[in-house]
Amino acid sequence: MKTESLFAMGRPDGRARLCILGAECLKAIYTAFTTGVFLTGFLLYAGMDQAQIGMVTSLPLLAGALYPLSPLLLERFRKRKLVLGSVRLLYHVLVILCVTLLPGRASGSGLSWGMAGILLLGNGLNILVASGFPAWHIGFLPEEVRGRFFAISGIVNSVFTALATFGASVLADAARASGRQLYWMGMIRLAAFTLALAETALLLLPREPRYPKSSVKGVRLLTLPFTNRRFCLTMVPVFAWMMVSTMTLYSANAYLLKEVGAGYVFISVLQAMSIITTAAAMPFWHRLLLRTSWLEAFQKVFLLFPLYPFLHMLVTRDNYLWLLPVAMLAYQVILAGGTLYFNNMAYLFTPREDRTAYLSWYLMLVSAGSLCGQGLSALLLKLFPRDWELGAVRVAPAQRILLLQGMLALGFGLWFGRVLLGKLEGNAGQKDGSGKWAGRDQEKGTGRI
C-alpha cells in the first residue's frame with residue numbers, strides 16, 4: 001500500500017488515519033511547548049528549585065493508578081465520543097491553562113503543591129478515559145499498515161516537534177534577555193493551549209465504531225489481562241522503557257540550563273536535528289524490524305540507549321559546544337527506534353473484543369514507569385543535592401543520575417535478551433492468553449516506508 005492510499009482522502013479509513021496523524025503532529029507541537037526544557041524553564045522562573053520541579057513533575061504520575069478503572073467507565077458506553085471529548089477538553093484546561101495562570105497567584109510551597117494538585121487532578125480525569133482514543137483509533141490501523149504508519153508518523157512528528165521547539169526557544173531566549181521570562185513563557189503555553197484544542201477536535205473527527213461488547217464484567221474485566229501471560233510479559237519492557245527513557249527528562253534539562261549555561265536556542269537547534277536524524281534512522285529501524293520481530297528489535301534499542309546518558313554526563317561548560325551535539329545525535333537516532341517499537345507493544349497480544357481493558361493496564365504501566373524514573377531522579381536530587389568532589393573532578397547530581405540511567409538501561413537490555421525474549425518468542429505457534437495463535441510471524445512489521 002502506497003503512502004497516498006494510506007492517507008487517501010476518498011476513503012473513510014484514509015481520512016481517519018490523516019486525522020490521527022494530524023492530531024499527533026499538533027500534540028507533538030504543544031507537548032514541545034509545555035514539557036521538557038520549556039516546562040523546566042517555566043518552573044525555574046516561577047521560583048522553584050530542581051527538587052521541587054522533580055516533585056511537581058513526578059507526583060501527578062500517581063494518577064496512573066486509576067488506569068485499570070477506565071474500562072469500568074468506558075464499557076458502559078457503546079458511543080463514547082462526547083465523554084472522551086469533554087474530558088480531554090477539561091484535561092487541557094487544567095494541565096496547560098491553569099498551570100500557566102498559577103504563578104503570581106501562589107508562591108513557595110503553596111505554588112509547588114498547587115501545581116502538583118492541578119496536574120494530579122487533570123491527569124486523573126484524563127486517565128479515566130485515556131484508553132478510549134487508542135481503542136477507537138487502532139481500528140483504522142490494521143497490522144498490515146501499522147508498522148509503516150508508526151514509522152511515517154515518527155518522521156513527521158519529529159519535524160513538527162523540532163520546528164516548534166526552535167521557534168519557542170528563540171522566544172524563550174528573548175524573554176530571558178528582556179527580564180520578563182515568566183510572562184513570555186506563559187504566552188508560549190497559551191499558544192500551546194490553542195493547539196491542544198485543535199488536537200482534541202481532530203481526535204473526534206474519525207467515524208466512531210460500535211464497540212464490541214465484552215463478555216466479562218466488573219472485577220473480572222479488571223483482571224482479564226492477567227490471564228494473558230504473553231501480554232503480561234510484554235509489559236515488562238514497556239515499564240522499563242518508560243522508567244529509563246524519562247528518568248532524566250527534567251534533571252538533565254535543569255543541568256544544561258543552570259550548570260552548563262546552554263541557551264534555549266542552542267538546545268533547540270540540537271533538538272531540531274531530529275528532523276534529519278529521525279528521517280535517516282527510521283528506515284534502518286524499520287528494516288531491522290522486518291528482519292527480526294517487534295520484541296527482538298526493541299531489545300536492541302535497550303542495549304544502545306546507554307550511549308546517550310554516558311555521553312551526556314560528560315558535558316560541561318568547557319565542552320558542551322561539541323559534546324552535547326554528539327550526545328543529542330546519539331539520543332535521537334536511538335529514540336527513533338525506541339519510539340517505533342514501543343508504539344506497538346500494547347497491541348502485540350491484545351484481543352480486539354477486550355482491548356479497552358488491556359490498554360488500560362498498558363497505560364497504567366506507562367505512567368508507573370515514568371513515575372518510577374522521574375520519582376527516583378527527584379528523590380536522589382533531594383537526598384544528595386550537593387556536588388561530589390572526586391579529586392579535581394566535580395560531579396553534579398544530574399551527572400550521577402545520567403550514569404545510573406545508562407547502567408539501568410544496559411542491565412535491562414542484557415536481561416531482556418537472555419531471559420525475557422526467549423519466554424516471549426520461544427513459544428511461537430502456540431496460543432496466547434487471548435486464545436488466538438500468535439506466532440513469531442505475527443510480530444513482524446509489514447510494508448515499506
Side-chain angles (χ1 to χ4, degrees), residues 15-46 56-57 60 81-105 114-115 117-127 129-130 132-134 136-137 153 156-176 178 180-206 249 253 264-265 267-268 271-272 274-275:
R15 292 194 299 271
R17 285 191 282 267
L18 192 60
C19 287
I20 296 168
L21 180 63
E24 289 183 358
C25 292
L26 289 175
K27 182 178 180 180
I29 298 173
Y30 76 69
T31 299
F33 285 179
T34 57
T35 62
V37 67
F38 296 106
L39 178 58
T40 302
F42 180 74
L43 297 178
L44 284 172
Y45 297 145
V56 164
T57 55
K81 180 179 290 190
L82 180 60
V83 175
L84 296 178
S86 300
V87 175
R88 188 75 169 184
L89 175 61
L90 184 56
Y91 164 70
H92 289 316
V93 168
L94 288 169
V95 302
I96 300 180
L97 185 60
C98 290
V99 167
T100 303
L101 299 177
L102 187 59
R105 293 166 176 80
M115 287 280 191
I118 290 172
L119 291 172
L120 183 62
L121 177 59
N123 282 283
L125 291 172
N126 187 54
I127 280 167
V129 298
F133 281 116
W136 171 1
H137 293 156
S153 68
V156 175
N157 286 349
S158 71
V159 174
F160 279 85
T161 300
L163 293 176
T165 303
F166 178 76
S169 67
V170 172
L171 296 176
D173 274 342
R176 178 189 285 181
S178 71
R180 302 184 65 192
Q181 300 97 319
L182 189 61
Y183 172 80
W184 289 113
M185 294 293 277
M187 292 297 102
I188 293 173
R189 291 181 60 85
L190 290 178
F193 178 67
T194 303
L195 296 176
L197 297 181
E199 178 243 15
T200 301
L202 281 180
L203 289 174
L204 297 172
L205 283 179
L249 187 61
N253 287 327
Y264 285 100
V265 170
I267 295 173
S268 68
Q271 292 174 338
S274 64
I275 297 176

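Here, residue 1 is the first one in the sequence, and each next residue gets the next number.
- Counting only distance, with no hydrogens or angles, the side chain of His137 and the backbone of Pro206 share no donor-acceptor pair below 3.5 Å.
- The minimum heavy-atom distance between Pro103 and Phe42, with the atom names listed, is CG-CZ, 3.7 Å.
- The minimum heavy-atom distance linking Gly22 with Leu202 is given by the pair C-CD1, 3.6 Å.
- Taking all atoms of both residues into account, the shortest heavy-atom contact from Val95 to Arg189 is O-NH2, 3.2 Å.
- No donor-acceptor distance shorter than 3.5 angstrom exists from the side chain of Asn126 to the backbone of Gly122, with no hydrogens or angles considered.
- In the displayed structure, Phe193 atom CZ is contacted under 6.0 Å by more than 12 heavy atoms of other residues, nucleotides or ligands.
- Thr34 has its side chain out of reach of Leu39: every pair of non-hydrogen atoms, C-beta onward, lies at least 4.5 Å apart.
- We find the CZ-CG distance between Phe33 and Leu190 to be 11.5 Å, quoted to the nearest 0.5 Å.
- Contact detail for Leu203 and Ala23: the closest heavy-atom pair is CD2-CB, 3.6 Å.
- For Ile29 against Ala164, the heavy-atom pair with the smallest separation is CG2-CB, 3.5 Å.
- Smallest separation of non-hydrogen atoms from Cys25 and Val156: SG-CG1, 3.3 Å.
- With rounding to the nearest 0.5 angstrom, the CG atom of Leu101 is 11.5 Å from the CD1 atom of Ile96.
- Atom CG of residue Leu26 and atom CG of residue Asn157 lie 10.0 Å apart, to the nearest 0.5 angstrom.
- Separation of atoms CG (Leu97) and CD1 (Ile118) is listed at 9.5 Å; rounding is to 0.5 Å.
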Contacts table for residues 83-93: side-chain donor-acceptor under 3.5 angstrom, sequence neighbours left out:
residue	atom	partner	partner atom	Å
Ser86	OG	Leu82	O	2.8
Arg88	NH2	Glu199	OE2	2.6
His92	NE2	Glu199	OE1	3.2

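- Here the CH2-CD1 distance, from Trp136 to Ile20, works out to 9.5 Å after rounding to the nearest 0.5 Å.
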